[in-house]
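Structure record follows, encoded as structure tokens.
Remember, predicted model here, so these are calculated numbers, not experimental data. FYI, side chains are in, hydrogens and waters are out, and symmetry mates aren't considered; it's all heavy atoms of this structure.
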Amino acid sequence: MSKPQKKHIDLSGHENIEIIGAREHNLKNVSLSFPRNRLVVITGISGSGKSSLAFDTIYAEGQRRYMESFSAYARSFIGNLERPDVDKINGLSPVISIEQKTTSRNPRSTVGTVTEIYDFMRLLYARAGEAFSYLSGDKMVRQSEDQILDTIITSFAGKKLTVLAPVVKGRKGHYRELFVQIRKQGYIKVRVDGEVLDITSKMQVDRFKIHDIEIVVDRIVPNEKDRHRIGQSITAAMKEGKGVIMVMEENARVHHFSKFLMDPKTGLSYDEPAPNNFSFNSPYGACPTCTGLGIIEEITEESIIPDKKLSISRGAILPLGEYRDIWIFKKIEAILKRYKLTLSTPIKDIPKDALKVLLYGDDEPVAVASVKYPGTEWNTKFEGIITFLKKMIDEGTENTRKWIEDFTTTRICPECEGARLKKESLHFKIDNKNIAELAMLNINDLQKWFNGLEKRISEKQRVIATEVLKEIRKRIGFLLDVGLDYLHLNRPLRTLSGGEAQRIRLATQIGTQLVGVLYILDEPSIGLHARDNAKLIKALKDLRDLGNSVIVVEHDKEMMLESDYIIDIGPGAGRHGGTVVAEGDPQTFIKNNSTTAKYLNGKLAIAYLKERRKGSGEKIRLIGATGNNLKDVDLEIPLGTLTCITGVSGSGKSTLVHDTLFPILNQHFFNSRTEPLPYKKIEGLKLIDKVIEVDQSPIGRTPRSNPATYTGVFTDIRDLFAQMPEAKIRGYKTGRFSFNVKGGRCETCEGAGLRLIEMEFLPDVHVPCETCKGKRYNRETLEVRFKGKSISDVLDMTVEEAVTFFENQPKILRKIQTLSEVGLGYISLGQHATTLSGGEAQRVKLATELSKRDTGKTLYILDEPTTGLHFQDISHLLDVLQKLVNKGNTVLVIEHNMDVIKSADHIVDLGPEGGAGGGRIIAKGTPEQVSKNPASFTGRFLKPELV
């Protein structure tokens with residue numbers, strides 16, 4: 001437990017933050033006071049009102065007050081933010097919220113860009129990097145005019161030389177005007193494509209060929225006494241050649257000189273480096289082939305013709321499907337006739353040149369008989385199926401593009417090999433490493449490389465780099481402090497878990513060194529192994545010790561005991577919650593009688609079966625997985641058990657399960673095109689009949705998606721309303737009760753219930769529609785009622801209320817009941833998907849799958865299902881998972897939560913470290929066996945739980 005700190009009043013004069021009469025959402029007129037400049041944990045069961053207090057009351061009011069400080073002119077652009085339903089808040093500081101849902105989906109946002117480490121590295125390479133030629137590998141040199149003059153006089157003394165100024169390099173054109181201009185400047189000779197010519201009247205070159213043109217500035221024999229004259233020639237040539245000159249010997253051998261970076265051997269020159277030359281988000285630095293993404297999406301022959309044994313008429317070409325009497329098939333038939341083939345010929349028997357025409361087209365017109373005008377033929381060119389699909393990616397509708405995505409495959413860019421930058425940028429090096437190589441190192445290795453860098457670089461580089469290195473090291477240190485040593489800078493932000501993204505933002509905030517701020521965090525311990533929890537708690541305490549107040553919405557036991565103050569909201573979820581049931585410092589808090597306090601003081605505990613299941617005796621075996629950091633891993637999953645994959649963050653759990661095992665199973669059962677990471681073989685696929693993955697990705701990206709539509713129960717509810725006498729009298733069908741099509745919906749907001757207000761320099765906000773007041777439907781639709789409730793009233797019901805309301809509708813009840821069983825009784829059926837946390841979205845998906853009939857041979861894969869769950873909710877979730885296993889199914893869970901791990905039948909522990917230090921199975925067996933393994937960090941933390 002944390003030591004009590006000295007009591008002090010901060011500079012604001014307020015000792016506490018006081019909240020009086022908070023009524024937002026389910027809060028019941030909550031009034032409380034807690035100390036400023038402390039680490040405060042708000043806890044309680046899921047849906048009790050923690051987020052309503054922390055984010056919708058404290059943060060919303062802090063943000064509103066900040067907006068109030070803007071001028072009237074600035075506020076006219078953003079409108080007024082609605083005041084949260086609270087009487088008064090005293091002692092409020094400027095507020096910064098670090099939530100889970102604010103992760104960027106942009107593939108260009110990476111760990112490096114968001115922490116600014118990559119930005120400082122770009123500056124470092126632009127100012128202190130050494131350039132090397134990508135043609136010869138030699139170091140590039142830049143010389144002043146005096147240095148060039150000295151080199152020419154000493155190296156070519158007594159030799160006859162021609163001084164040239166390059167004006168055209170590798171470009172097409174006739175250059176008639178250029179020759180006229182050169183002649184006007186007093187020059188009479190030029191060197192065109194290696195041949196010295198006199199400039200004549202109306203001189204021009206072949207406009208369709210690529211040319212190199214240089215002006216012959218002077219002919220010299222270098223010696224010291226002619227230094228002044230040679231210097232004038234070099235100055236003139238530098239001016240015409242824009243900083244570059246060439247010197248040609250009698251034997252036509254050419255030497256290059258430049259005041260910019262140049263390879264003396266090949267004449268290759270680079271522009272003066274600037275930070276944006278090393279940015280993959282800038283056209284000056286990005287690889288031109290993949291535009292800086294490192295990957296390209298292609299439509300290949302393999303992706304649209306997976307089975308070459310089939311014929312075209314049997315649906316071998318996936319985008320076309322099976323034969324129909326339509327124009328495209330007639331065209332293909334006409335092309336095949338040229339080769340004496342038919343639509344029934346298997347693809348494998350079609351010659352390569354014929355297949356090339358079908359996929360990529362050619363210029364030869366194809367004759368197809370007209371149906372409308374018998375006896376006539378249409379002669380048109382065939383552009384090819386792949387060519388057409390590529391065109392539609394740019395020109396087609398959103399739905400067309402989504403359809404084409406099914407036929408695209410992603411592969412590493414062949415030009416930059418995933419490095420994302422131009423080849424010029426990749427040939428700037430510091431200590432023999434380019435910037436892309438550094439971006440692929442994990443944070444731990446990156447820190448080691450930067451340590452002692454000053455000793456490995458030149459004095460000039462050291463002077464330039466000192467300040468930049470200080471900033472880079474500081475930021476790397478913050479990432480290590482929050483346990484993210486296994487990430488690399490090129491890791492896209494969208495691939496991080498909610499907890500990882502939050503901890504990156506936390507590291508960035510610690511880096512700003514702000515004082516007197518109120519930070520609000522939403523479960524930062526998600527995805528963090530118990531070993532790394534201490535680092536996170538220390539980071540939060542450092543933030544507090546700078547002079548900030550830190551509020552954390554959290555369920556983690558260790559975090560609560562290490563905090564300065566705990567607030568427990570409850571006692572139940574939804575309308576059964578919304579009151580403060582206990583509060584105080586940890587020592588006082590655990591003496592309370594609230595549910596949370598009982599779990600902390602040991603009066604309550606999550607029970608587990610001492611007798612572990614042996615399973616069916618059958619196993620799925622994945623052999624030789626080597627993706628990312630995995631080191632030839634052999635994974636065995638005993639069927640008919642609850643199996644837990646554990647290990648410190650970055651040890652390879654997601655690589656093994658999400659990126660290797662799941663794609664293999666998905667390809668086998670559902671013909672998915674997602675390629676698994678490398679492995680040797682898999683055994684036991686016949687022992688299961690389907691796989692279901694339940695991850696934390698959102699159930700929808702717009703307010704139109706909600707739990708009712710996702711689980712499919714809304715279709716049944718709409719069918720029920722269409723059966724009502726009032727609906728039948730009016731002739732309303734099921735579609736009338738959809739908010740996604742015209743007819744019954746409110747047309748102002750098009751059935752969303754919200755309208756999007758675009759802010760000029762802030763995130764966009766959704767406000768309730770002024771016409772339907774958020775009800776989504778027009779007046780006529782809302783007049784149809786079931787048990788006195790309209791369709792809008794049903795969407796506003798909590799799951800718990802709906803279970804009672806639909807108790808006599810078995811089809812509807814089954815789906816709603818499963819939502820309640822996974823601990824979501826507090827959410828409303830129509831709650832906008834954008835407002836659900838990652839854990840809630842995952843449990844909606846889990847409920848959807850549970851409501852389907854299981855076969856007893858299903859493999860369920862879950863990724864940290866305890867996200868956002870209180871001890872009591874974890875207990876309910878475990879009951880649901882155990883029921884699935886009891887029916888013969890297999891449940892595979894990636895988890896850090898010790899309560900789930902101790903309840904598993906079988907554990908596979910990866911490690912021992914994250915990143916390159918992980919990727920091996922270090923322990924496997926029952927929880928008791930793993931807890932006795934000294935090499936396992938998970939085992940160490942599991943031992944005290946198995947009492």
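For the atom pair OH (Y519) and CD1 (I551), the distance works out to 13.0 Å, reported to the nearest 0.5 Å. If you take CG on D585 and CZ on R38, they are separated by 11.0 Å, rounding to the nearest 0.5 Å. Rounding to the nearest 0.5 angstrom, the gap separating the CG atom in L862 from the CG atom in D695 is 9.5 Å. The CE atom of M560 sits 11.0 Å away from the CD1 atom of I537 when rounded to the nearest 0.5 Å. A distance of 12.5 Å separates CD1 of I699 from CD of Q842, quoted to the nearest 0.5 Å. Atom CG of residue L528 and atom CE of residue M559 lie 8.5 Å apart, to the nearest 0.5 angstrom.
Side-chain atoms of D485 and D532, non-hydrogen and from C-beta on, never get closer than 4.5 Å to each other. Side chains of I894 and H658 form a contact here, defined as non-hydrogen atoms less than 4.5 Å apart. Contact of the L540 side chain with the E562 side chain is not registered, since no non-hydrogen atoms from C-beta on lie closer than 4.5 Å. Two residues are said to be in side-chain contact when any heavy atoms from C-beta on lie closer than 4.5 Å; I567 and V41 fail this criterion. The shortest distance between side-chain heavy atoms of Q513 and L546 falls below 4.5 Å. Between V694 and P865 the shortest side-chain heavy-atom distance does not fall below 4.5 Å.
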Derivation and outcome, salt bridge (charged side-chain N to carboxylate O under 4.0 Å, His left out), residues K50 and E554: CA-CA 9 Å; K50 305 181 299 298; E554 188 57 273; over 6 Å; no
Step-by-step side chain to side chain donor-acceptor pair (under 3.5 Å) determination, T495 to R491: CA-CA 7 Å; T495 64; R491 175 89 176 258; 2.8 Å; yes
Intermediate values then yes/no, side-chain contact (heavy atoms from CB on, under 4.5 Å), L53 and L27: CA-CA 7 Å; L53 177 64; L27 295 177; 4.1 Å; yes
Pair T709-N706, side chain to side chain donor-acceptor pair (under 3.5 Å): steps then yes or no: CA-CA 6 Å; T709 55; N706 58 50; 3.3 Å; yes
H896 vs T646, side chain to side chain donor-acceptor pair (under 3.5 Å): CA-CA, chis, key distance, verdict: CA-CA 6 Å; H896 291 293; T646 63; over 6 Å; no
Verdict with supporting geometry, T508 and E116, side-chain contact (heavy atoms from CB on, under 4.5 Å): CA-CA 8 Å; T508 311; E116 295 178 354; 5.7 Å; no
CA sep, side-chain torsions, deciding dist, call: I17, S33, side-chain contact (heavy atoms from CB on, under 4.5 Å): CA-CA 6 Å; I17 294 174; S33 170; over 6 Å; no
CA sep, side-chain torsions, deciding dist, call: I19, K88, side-chain contact (heavy atoms from CB on, under 4.5 Å): CA-CA 6 Å; I19 299 163; K88 193 177 183 185; over 6 Å; no
CA sep, side-chain torsions, deciding dist, call: E840, Y826, side chain to side chain donor-acceptor pair (under 3.5 Å): CA-CA 11 Å; E840 286 169 335; Y826 60 92; 2.6 Å; yes
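Looking at T43, its side chain never comes within 3.5 Å of a backbone N or O of I566 through a donor-acceptor pair. Of the possible donor and acceptor atoms, none in the side chain of D522 sits under 3.5 Å from a partner among the backbone N and O of I98. Checked by atom type and distance alone, the side chain of H876 never pairs as donor or acceptor with a backbone atom of E821 at under 3.5 Å. Although no hydrogens or angles enter the test, the distance criterion places a donor-acceptor pair under 3.5 Å between the side chain of E864 and the main chain of G527. When atom types are taken as modelled, the side chain of S903 and the backbone of D899 share a donor-acceptor pair closer than 3.5 angstrom. K28 places a side-chain N or O within donor-acceptor distance of the main-chain N or O of G577, the cut-off being under 3.5 Å. Under a 3.5 Å cut-off, the side chain of S549 and the backbone N or O of N37 do form a donor-acceptor pair. When atom types are taken as modelled, the side chain of T110 and the backbone of L489 share a donor-acceptor pair closer than 3.5 angstrom. Between the side chain of T588 and the main chain of G584, no donor-acceptor pair closer than 3.5 Å is present.
The nearest pair of heavy atoms linking N548 to L514 is ND2-O, 3.0 Å. A pairwise comparison of heavy atoms in I569 and V581 identifies C-CG2, 4.3 Å as the closest pair. Among all heavy-atom pairs drawn from C644 and E895, the shortest one is SG-CB, 4.1 Å. Scanning both residues, A507 and L479, for their nearest heavy atoms gives CB-CD2, 3.9 Å. In terms of heavy atoms, L795 sits closest to S828 at O-CB, 3.8 Å. Nearest approach of I827 to P707, heavy atoms of both residues: CD1-CG, 3.7 Å.
Within the cation-pi definition used here (under 6.0 Å to the ring centroid, within 45° of the axis), R531 qualifies as a partner of F937.
Around the NZ atom of K535, the shell of radius 6.0 Å holds more than 12 heavy atoms that belong to other residues, nucleotides or ligands.
Look at E471 and K474 and you find a salt bridge, because one of the NZ, NE, NH1 or NH2 atoms lies within 4.0 Å of a carboxylate O, short of that distance. A salt bridge links E61 and R64; the closest N-O separation between the charged side-chain nitrogens and carboxylate oxygens is under 4.0 Å. Remark: D542 engages K538 in a salt bridge, criterion side-chain N to carboxylate O under 4.0 Å. With respect to the salt-bridge test (charged N to carboxylate O, under 4.0 angstrom), the residues E15 and R36 do not qualify.
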Let me have the donor-acceptor pairs involving side chains of residues 599-608, under 3.5 Å, with sequence neighbours excluded, atom names and distances please.
unit_1 : atom_1 : unit_2 : atom_2 : d
N601   : OD1    : K603   : N      : 3.0
N601   : ND2    : I590   : O      : 2.7
N601   : ND2    : A597   : O      : 3.2

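Listed by first and then second residue, the salt bridge (Lys or Arg N to Asp or Glu O under 4.0 Å) pairs involving residues 17-27 are R23-D85, R23-D87 (not counting sequence neighbours). Residue pairs satisfying the salt bridge (Lys or Arg N to Asp or Glu O under 4.0 Å) criterion with at least one member in residues 566-575, sequence neighbours excluded, are listed as follows: R575-E801.
Looking at V553, D556, V552 one by one, the single match for side-chain contact (heavy atoms from CB on, under 4.5 Å) with P524 turns out to be V552.
With 3.5 Å as the limit, one finds a donor-acceptor pair spanning the side chains of H870 and T596. Counted by atom type alone, T938 and H529 present one or more donor-acceptor pairs between their side chains at under 3.5 Å.
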